[in-house]
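Report on the structure given below.
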Amino acid sequence: MSLAVKKIPEDAASSGILIPFLFRWLIIAALADWLIGRTVTRSAIFMPKSPGMIVVYEAVTFIGQFAFTLSSLLALIAIGWIAWRHFHKRSEIVLPVALAALLVLSLLFLFVPPESWLAMTYQLFILIAIASIGKKVLNAPRREKIAWLFAALALIGATLYQLSHAVYAVLRVSTAPPFATFLFNGGELFFVLAPIALGYESILRHKLPAALAALAFGLIHFFAPAMTGIIAIWSTGLTLYLPSIFYALAIGCVCALVIDARTRGDAALPVLPVLLILAGGYAPQLSSQLFLNLIGLWLLASNATLKH
Amino acid sequence: MNKKIFPLLAIVSIAALLTFFNVPLASSQGVTIVAAEVKGDLPVNDPANAAWQKASAVEVPLSAQNVAKPILANTKVKSVTVKSLYNDSQIALLIEWTDETKNDQMVRAQDFRDAVALQFAAAEISPFFCMGQLGNNVSLWHWKADWQADITARKDMQAMYENMYVDQYPFTKPDVPTGKTAPKDYTDSNYLPAMASNNLFASAARATPVESLIAGGFGTLTSRPPASQTVQGFGAWKNNKWQVIFARASSSKEKDDVSFVAGKTYPIAFAAWDGANNERNGSKSTSQWVSLQVGGAAPGTAKEEAKAPGSVEGIVWAFLPMLGLTLAVLGLAFVAFLFSKMPNK
């Protein structure tokens, strides 16, 4: 939780005091939602609890719920701010429109089920937003470009999976879209490859902690598969269909990135978007989780352009 | 410092209030299976019925169950395709998946059946997707290929081993030929205690190929009482594909069971077994929670129904509102962009 945000991307840093400050709290709230609300409380569901422990469990659950609401609120503000920032600077028109549309539609979906053409519009705006953010990394170094692309392809895969169903529903085609499962599984592959692409340099600097983190995943997966399921499948949206070595390596890379963030100023940058994307999870089931992914991609793109 | 703290305090206070009053800020946006409304009876025994064309199909990815042992890493069913229909009293789901082999016999010890199961959350919140959790039970509908085969023509050891010989069945009717006995031929149920106690697995005649169960965590899977086995089913294997229909009354008075109300959304998860791959019990393919929405767009009017699914007219009408909304938003934004002030550099 005490992860220092030593450097905020240019767009955020140039906006005054409040928004970078909110980004910092967004990351903390998102991590709390992910690790407390969706992981710790769920890990304890099969644990026998004494009356005292039940009180603690309920308190932790409430903290998780509060973290979820706070991260949802901050994500809405951050998405609105990014849209406003680009609009105000007249640097971009498509991205603010797409983000504003996503914001409005996500709030509308609280009252109206996201179905047929409304769902399709929503999914299309997600793809437009990703493409618009992607424009920022066109001139970035190849390594940053590839790492961003992997993270983006994860979200694109999950979005195309949903979009294909929405399009078929709109077209009133009664068969399932082809390649839907391929898109979904492909997205998961890129979701795992993204931290590897971002953290492979860090892992060389911090071999031991990265190896220990990867080993811990392997041991937990072997000895307590239910725990792995709760952590990886339930809270992050992964299906774990890939060989375990992929997930272990990704965890090792994230661990190395976090250590880099603690020890090196410049290397601290990619870890924040990675943590946001991880907190958002794969194939987001909630609008707030989607926004965490989009904000993560936007920060990653801003970071990539900084290095250019 | 104050510039930072006051807005943050305001945001934290708003978040605390929203949490306290349980006001959501995030909407669900996962893939949703929308049950289409049908006038009249549901085609509960006919996967080829034209009524199924009214429902949109959703392909739900499955992966090997890897949470509870025993774990079989290479399960064969990679996805299921789901459609749903409902009328004023019933709901039905059609599940399809590719399976190159038909495994509908469990007579021999080395045989395992093909099967598919649906899981519903008994409460509004989604519990752990693997069999629920303590205090948050899940309701399960488990279709079994061998139970389906039992309804058509029950097979026993004699069907599998034609040349087998049995000296005698001491508790059967005297006129039953040796080696041709069936459970109904037993005269004294004291010697068939499982059947006498209405154990579904020992039932001589099956009313449904679907077992209705309840669970609240690993190792708690329990069959509902025989009187509560209200889920009907039908399954057929054709062209390397299983098509299985589940049907039940929309409302249920059972404890920890789900009742379906039009306009509402319910968490649903899927599991499938390929018997040819020795899949049974926890060795299976599973999905995570997806959403089942009962009803969606208004039921088809005469004009709408006249449009064939996927017809050019249908496509045009479907795209027009989306195109209009997108153009309106883009147009408004473009106008605002043109007339907005340039920021001071």
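Below, chains carry the letters A, B, ... as their sequence lines are ordered, and counting in each starts from 1.
- Neither the backbone nor the side chain of A:L108 comes within less than 4.5 Å of any heavy atom in chain B.
- Between B:Q29 and A:Y122, the side chains place a donor N or O and an acceptor N or O closer than 3.5 Å (distance only, hydrogens not considered).
- When heavy atoms are compared at a cutoff of 4.5 Å, B:A55 approaches chain A solely by way of its backbone atoms N, CA, C and O.
- Using a 4.5 Å cut-off between heavy atoms, B:Q288 contacts chain A through its side chain alone, with no backbone atom that close.
- Inspection of non-hydrogen atoms places B:K78, B:S79 of residues 72-80 of chain B under 4.5 Å from chain A.
- Interface residue A:Q123: only side-chain heavy atoms are found under 4.5 Å from chain B.
- Counting heavy-atom pairs closer than 4.5 Å to chain B, the top-ranked of the candidates A:L290, A:N185, A:T228 is A:L290.
- With a 4.5 angstrom heavy-atom cutoff, B:L62 does not touch chain A via any of its atoms.
- Residue B:S291: no heavy atom, backbone or side chain, is found under 4.5 Å from chain A.
- Looking at A:E188 and A:Y247, their side chains do bring a donor and an acceptor atom within 3.5 Å of each other.
- Neither the backbone nor the side chain of A:F182 has a heavy atom closer than 4.5 Å to any heavy atom of chain B.
- Checked by atom type, the side-chain pair B:E59/B:T81 shows no donor-acceptor distance below 3.5 Å.
- B:A92 and B:S84 get closest at one heavy-atom pair: O-OG, 3.0 Å.
- With a threshold of 4.5 angstrom between heavy atoms, A:P96 does not approach chain B through any atom at all.
- Atom CG in A:L99 sits 10.5 Å away from atom CZ in A:F125 (nearest 0.5 Å).
- Of the two parts of A:F109, the backbone and the side chain both hold a non-hydrogen atom closer than 4.5 Å to a non-hydrogen atom of chain B.
- Both the backbone and the side chain of A:S106 have a heavy atom closer than 4.5 Å to some heavy atom of chain B.
- Both the backbone and the side chain of B:S27 come within contact range of chain A, with heavy atoms under 4.5 Å apart.
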